[in-house]
Number of protein chains: 2
Amino acid sequence: MVSNSENIPDAENFPAEINGLRMTRQRREVYKSLMENRVHPTAQDVFMEVKDKLPQISLATVYNCLEALVQHGIIRQVHFDRESCRYCPNLHEHGHFHDHSTGKIHDITFKPGVKLEDFLELPAGTQITNIELTLRGSLA
Amino acid sequence: MVSNSENIPDAENFPAEINGLRMTRQRREVYKSLMENRVHPTAQDVFMEVKDKLPQISLATVYNCLEALVQHGIIRQVHFDRESCRYCPNLHEHGHFHDHSTGKIHDITFKPGVKLEDFLELPAGTQITNIELTLRGSLA
DNA sequence: AAAAGATCAAGAATGATTCTTATTTTTATT
DNA sequence: AATAAAAATAAGAATCATTCTTGATCTTTT
């Protein structure tokens, strides 16, 4: 159980809106599912999870909810090649390590204080708004 | 013209095989197209380019050729979100900067001597076999 | 309570990629 | 050089994640 390490509010006292996005029943369950098990699920995965709580929810609605949450900066979308998009409620700047031996995806953080210019040759005047870093390999 | 900064052999004296991959007419034209204009094209882009030389080539064959070239370590496949895959003959370790103001994609190299452990918190025992780094933004 | 606006469910549409199959080309064998 | 076996190609069908469309259902505002 991951539970209270991150203070996930339960249904009753869940905020009515987050970052200006109204928390409907569907959005709340989608978001809670992401918060409760940090497995970088696909839309399909979330759909199956959430159906326990809202049996009538549709896959299209899960896509809508995920999109809305992404647009409001509540979750992040991550990509591995051209596989299904995955979703992640960790908003801290981080990359991902795809462990091929287990199939699991792990968050990778930058060392404190590191800046892009420290390790990349960036052309002068580059304004970076988004970084996506993906490592692949295995834990020996 | 990019031409001879990288010594692209012309059709006649093109190697019969590269990294153990036999250079058929189709593979050769696909590869030459990538080498000659470094624009990170999609399969569709390459298809249109190569049709000038081989009018009867099919899109499926372009996909086959690109796949074969990737499998033999002759080119790299790169991904931007879930857009069409793009291809790149630059085999040096590098990332990509997607400039939203122009739509262009630029190669970004690491500063010489930089190692992953220098800027990332890598769990002990991680064996990295592949890195994909994508930056988005604009040139101010 | 009525009207306007948002959200939702269901299924159709889209688009990149992969797969299938028959044909053609290349290579190996006689 | 002729034949057999293997590899590559063309064409189009199939797949699969995602987006779009439409009508129905909630929510909020009036």
Side-chain angles (χ1 to χ4, degrees), chain A residues 11 14-33 40-72 74-88 105, chain B residues 11 14-33 40-72 74-88 105:
Chain A
F14 207 88
E17 70 174 51
I18 304 183
N19 289 6
L21 180 68
R22 180 154 60 85
M23 279 296 114
T24 65
R25 235 173 320 145
Q26 290 78 344
R27 287 175 188 157
R28 180 164 47 245
E29 291 304 332
V30 165
Y31 184 45
K32 282 179 59 185
S33 165
H40 302 86
T42 65
Q44 198 50 250
D45 294 335
V46 173
F47 179 47
M48 276 157 26
E49 268 283 314
V50 166
K51 268 210 289 215
D52 291 346
K53 288 292 185 67
L54 304 175
Q56 82 297 7
I57 198 170
S58 82
L59 178 57
T61 296
V62 171
Y63 272 106
N64 284 341
C65 292
L66 290 168
E67 163 80 2
L69 292 165
V70 169
Q71 287 313 318
H72 287 75
I74 303 168
I75 64 174
R76 267 181 60 185
Q77 196 180 45
V78 282
H79 305 95
F80 298 99
D81 297 355
R82 267 195 115 257
E83 292 170 12
S84 303
C85 299
R86 294 177 176 274
Y87 297 87
C88 164
I105 294 155
Chain B
F14 207 89
E17 68 173 50
I18 302 183
N19 289 6
L21 180 68
R22 180 155 59 87
M23 280 295 115
T24 65
R25 237 173 321 145
Q26 290 78 344
R27 287 176 188 156
R28 180 164 46 242
E29 291 305 330
V30 165
Y31 183 46
K32 281 178 60 184
S33 166
H40 301 87
T42 63
Q44 198 52 245
D45 295 335
V46 173
F47 178 46
M48 274 154 29
E49 269 282 313
V50 167
K51 267 210 286 214
D52 292 344
K53 289 293 187 64
L54 304 174
Q56 82 297 7
I57 198 170
S58 81
L59 179 56
T61 297
V62 171
Y63 272 106
N64 284 340
C65 291
L66 290 169
E67 162 81 3
L69 291 165
V70 169
Q71 288 313 317
H72 287 75
I74 301 168
I75 64 175
R76 266 181 61 185
Q77 195 180 47
V78 282
H79 307 274
F80 299 98
D81 299 353
R82 267 196 115 257
E83 292 170 13
S84 304
C85 300
R86 293 176 176 275
Y87 298 86
C88 164
I105 294 155

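Both backbone and side-chain heavy atoms feed into the values below; hydrogens, waters and symmetry mates do not. As the structure is a prediction and not an experimental result, all values here were calculated from the model. Proteins come first, then strands; the chains are lettered A, B, ... in the order of their sequence lines, and each starts at number 1.
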| request: Check each residue of residues 43-55 of chain B for a non-hydrogen atom within less than 4.0 Å of any atom in DNA chain D, then write out the ones that pass by number, or none. | output: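 DNA chain D contact set from residues 43-55 of chain B: none.
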| task | Quickly, which of V62(B), V30(B), T61(B) forms a side-chain contact (heavy atoms from CB on, under 4.5 Å) with F47(B)? Name it, please. | result |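 Output: one option passes, namely V62(B).
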For atom [atom1] of [X] and atom [atom2] of [N], their distance in whole Å:
| X | N | atom1 | atom2 | answer |
| --- | --- | --- | --- | --- |
| L66(B) | dA16(C) | CG | C1' | 13 Å |
| R28(A) | dT27(D) | CZ | C1' | 14 Å |
| E67(B) | dA8(D) | CD | P | 12 Å |
| Q71(A) | dT19(D) | CD | C1' | 14 Å |
| Y63(A) | dC8(C) | OH | C1' | 17 Å |

| Hey, does the side chain of T61(B) come within less than 4.0 Å of dA8(D)'s phosphate (OP1/OP2), counting only N and O? |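 Answer no for this pair, as no side-chain N or O of T61(B) is under 4.0 Å from OP1 or OP2.
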| message | Can you tell me if R82(A) touches the phosphate of dA16(C), counting only side-chain N or O atoms and a distance under 4.0 Å to OP1 or OP2? | response |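 No, R82(A) has no side-chain N/O under 4.0 Å of OP1/OP2 on dA16(C).
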Which listed nucleotide ([options]) is nearest to the side chain of [X]?
| X | options | result |
| --- | --- | --- |
| Q26(A) | dT17(C), dT9(D), dA9(C) | dA9(C) |
| S84(B) | dT7(C), dA10(D), dA16(C) | dA16(C) |
| R22(A) | dA6(C), dA9(C), dT9(D) | dA6(C) |

| query | Taking all non-hydrogen atoms of both residues, which atom of E29(A) and which atom of L54(A) are closest, and how far apart? | reply |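 Heavy atoms of E29(A) and L54(A) come nearest at CG-CD1, 3.8 Å.
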